[in-house]
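What follows is a set of notes on a single structure, which appears directly below.
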Amino acid sequence: MDFEKLKSRLAGCYVTIPTAFEDSTGFPINHQAIRAYVGFLIENGLNTEYATLLAGGAAGDFSTMSFEERIGVGETVVDEARGRVPLAFGGQSTSTLELVRLAQAAQSMEFDFLQVSCPFYFTHTEADFEEFVMAAAKAAPRIGIIVYNTFWTSTSLSFGMIDRLAKIDNVVGLKWATPRTDAMEFEDVTSNFSKRFTIIDNNLFFPYSAMPSLGAQAFEVHLCNYWPEWGIKLIDEVKAQNYTEIARMMVEEAMPFYKLWVEIEKGYTSGDGYLDKLCMELIGLPSSRCRPPTRDIRQNYRARTLDMMRAAGVPRLVAN
């Protein structure tokens, strides 16, 4: 494993590919639609220079898929991407045995990265999570591990825990989000570890985290799924250190999407894939609901979402 090469390939937009389902009994996976998603992103500029695509993450409905289905989604994404963009595979699990199988499968499919977060449901300790990550790293030594701090569903990672994880050779990325407190945990970790890991900003602090003093090199961007050009512009502005323009983009174009997402979460499952897919539907891509127990949001929020996209200047809108 070439650590520095993997770390550099992780820079840019970090984009979760939603998993599309067919509207039939059991909601089987629509692999043709997933191919359309991957092709759309790459053909509109989200290549090695600008992005890493994540298959089977949270917005990809990993929690409603079987192990075999998750592998099937990964195979489809790899086949369609054809090496044109770095790829990450979602490794979230409540079982170390399953994580090992996911890690081995990701390496076999030639993914660049495996995303791992602390197991949920039970309250796990940091020592538990350290062994969990080490198991994944040992099972797939040729790919880079991305540690994801999902503090809203599981144990939050301390500075000391991240320092211990930094000693695992193939941990190359930290997808970093924290609750906001006066201790400035986001800034503390980012500024201290940005040379060791590629920091993926999952807190939407883009103009701030991209500054040299913090050093984030990658950014979780849902807008890319329906507006790839927005992500390309973001990375160009980061490279130019144009933080004023990045802040404008976040307030005027990204914030309306996230405000709508938060509103939807008040009445539906907390998550994000449903709004991504609705936005994609409104630019002419195939779409679907999320699997139950998440209910279908599309009918109730189609008009609001279209208004939001139109006001932000999203191109390719096909709905009236």
Side-chain angles (χ1 to χ4, degrees), residues 13-44 46 51-93 102 105-106 108-111 115 220-228 231 257 261 264 268-302 305-306 309 314 316-319:
C13 296
Y14 193 68
V15 184
T16 304
I17 304 165
T19 298
F21 303 102
E22 296 178 13
D23 287 317
S24 59
T25 302
F27 303 101
I29 294 170
N30 186 339
H31 289 274
Q32 198 59 38
I34 295 171
R35 287 185 180 278
Y37 294 171
V38 175
F40 169 78
L41 295 173
I42 296 173
E43 289 157 16
N44 284 282
L46 291 181
T52 295
L53 306 185
L54 170 64
D61 263 75
F62 83 88
S63 62
T64 66
M65 292 191 289
S66 68
F67 177 87
E68 290 74 20
E69 287 176 322
R70 293 172 74 173
I71 301 306
V73 167
E75 290 172 340
T76 295
V77 169
V78 168
D79 187 62
E80 186 63 31
R82 301 194 303 278
R84 294 176 289 172
V85 63
L87 298 175
F89 188 65
Q92 281 93 332
S93 177
L102 289 167
S108 177
M109 290 184 284
E110 299 188 350
F111 274 84
Q115 178 178 284
E220 171 84 8
V221 186
H222 285 271
L223 278 71
C224 285
N225 278 313
Y226 61 90
W227 195 358
F257 171 88
W261 172 3
I264 295 171
Y268 291 82
T269 304
S270 63
D272 39 25
Y274 42 61
L275 185 53
D276 289 1
K277 287 190 282 189
L278 176 53
C279 291
M280 294 162 82
E281 179 178 313
L282 293 173
I283 63 163
L285 288 168
S287 184
S288 81
R289 58 171 289 169
C290 294
R291 274 180 172 167
T294 298
R295 291 167 293 128
D296 193 349
I297 72 158
R298 289 175 294 173
Q299 188 58 39
N300 288 343
Y301 281 95
R302 181 173 278 105
T305 303
L306 178 59
M309 296 172 74
V314 176
R316 291 181 288 267
L317 287 171
V318 297

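Smallest separation of non-hydrogen atoms from Tyr226 and Pro228: C-CD, 3.7 Å. In terms of heavy-atom proximity, Asn225 sits nearest to Pro18 at OD1-CD, 3.6 Å. In this structure, Ala55 and Val73 approach most closely via the heavy-atom pair CB-CG1, 4.5 Å. Contact record, Ala51 with Pro86: O-CD, 3.3 Å, taken as the closest heavy-atom pair. Scanning all heavy atoms of the two residues, the minimum distance from Gly60 to Thr16 falls at N-CG2, 3.8 Å. Contact record, Val85 with Leu53: CG1-CD1, 3.7 Å, taken as the closest heavy-atom pair.
Of the possible donor and acceptor atoms, none in the side chain of Asp79 sits under 3.5 Å from a partner among the backbone N and O of Glu75. Distance alone, capped at 3.5 Å, places no donor-acceptor pair between the Thr76 side chain and the His31 backbone. Under the 3.5 Å distance criterion, the side-chain polar atoms of Arg70 are left unmatched by any main-chain donor or acceptor of Phe67. Asp272 contributes no side-chain N or O that, together with a main-chain N or O of His222, makes up a donor-acceptor pair within less than 3.5 Å. A donor-acceptor distance shorter than 3.5 angstrom exists from the side chain of Ser66 to the backbone of Glu69, with no hydrogens or angles considered. Counting only distance, with no hydrogens or angles, the side chain of Thr294 and the backbone of Cys290 share no donor-acceptor pair below 3.5 Å. Between the Trp261 side chain and the Gly271 main chain, a donor and an acceptor come within less than 3.5 Å of each other. For the pair Arg295 (side chain) and Arg291 (backbone), a donor-acceptor distance under 3.5 Å is absent.
From Leu278, atom CG reaches atom OH of Tyr301 across 11.0 Å, with rounding to the nearest 0.5 Å. From Asp61, atom CG reaches atom CZ of Phe27 across 11.0 Å, with rounding to the nearest 0.5 Å.
Side-chain contact between Ser288 and Lys277: present, with at least one pair of heavy atoms (C-beta onward) separated by less than 4.5 Å. Contact check for Cys279 versus Phe257: side-chain heavy atoms found under the 4.5 Å cut-off. Side chains of Leu87 and Thr52 form no contact here, defined as non-hydrogen atoms less than 4.5 Å apart. Ile29 places a side-chain heavy atom less than 4.5 Å from the side chain of Thr19. Annotation: side chain of Phe40 is in contact with side chain of Arg316 (closest heavy-atom distance under 4.5 Å). Here the side chains of Ile71 and Met109 are in contact, with some heavy-atom distance below 4.5 Å. Looking only at side-chain heavy atoms (C-beta outward), Val78 and Glu110 stay at 4.5 Å or farther from each other. Leu275 places a side-chain heavy atom less than 4.5 Å from the side chain of Thr305.
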Test side-chain contact (heavy atoms from CB on, under 4.5 Å) on Leu46 and Cys224; report intermediate values, then the result. CA-CA 8 Å; Leu46 291 181; Cys224 285; 3.8 Å; yes
Go through Val221 and Tyr14 one step at a time and tell me if the side-chain contact (heavy atoms from CB on, under 4.5 Å) criterion holds. CA-CA 6 Å; Val221 186; Tyr14 193 68; over 6 Å; no
Quick one, Leu54 with Ile17, criterion side-chain contact (heavy atoms from CB on, under 4.5 Å). Give me CA distance, side-chain angles, the key distance, then yes/no. CA-CA 6 Å; Leu54 170 64; Ile17 304 165; over 6 Å; no
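Under a cutoff of 6.0 Å and an axis angle of 45°, Arg289 and Phe21 do not form a cation-pi pair. A cation-pi arrangement is not found for Arg298 relative to Tyr274, the charged atom failing to lie both closer than 6.0 Å to the ring centre and inside a 45° cone about the ring normal.
Judged purely by distance below 3.5 Å, without hydrogens or angles, the side chains of Asn30 and Tyr37 never pair a donor atom with an acceptor atom.
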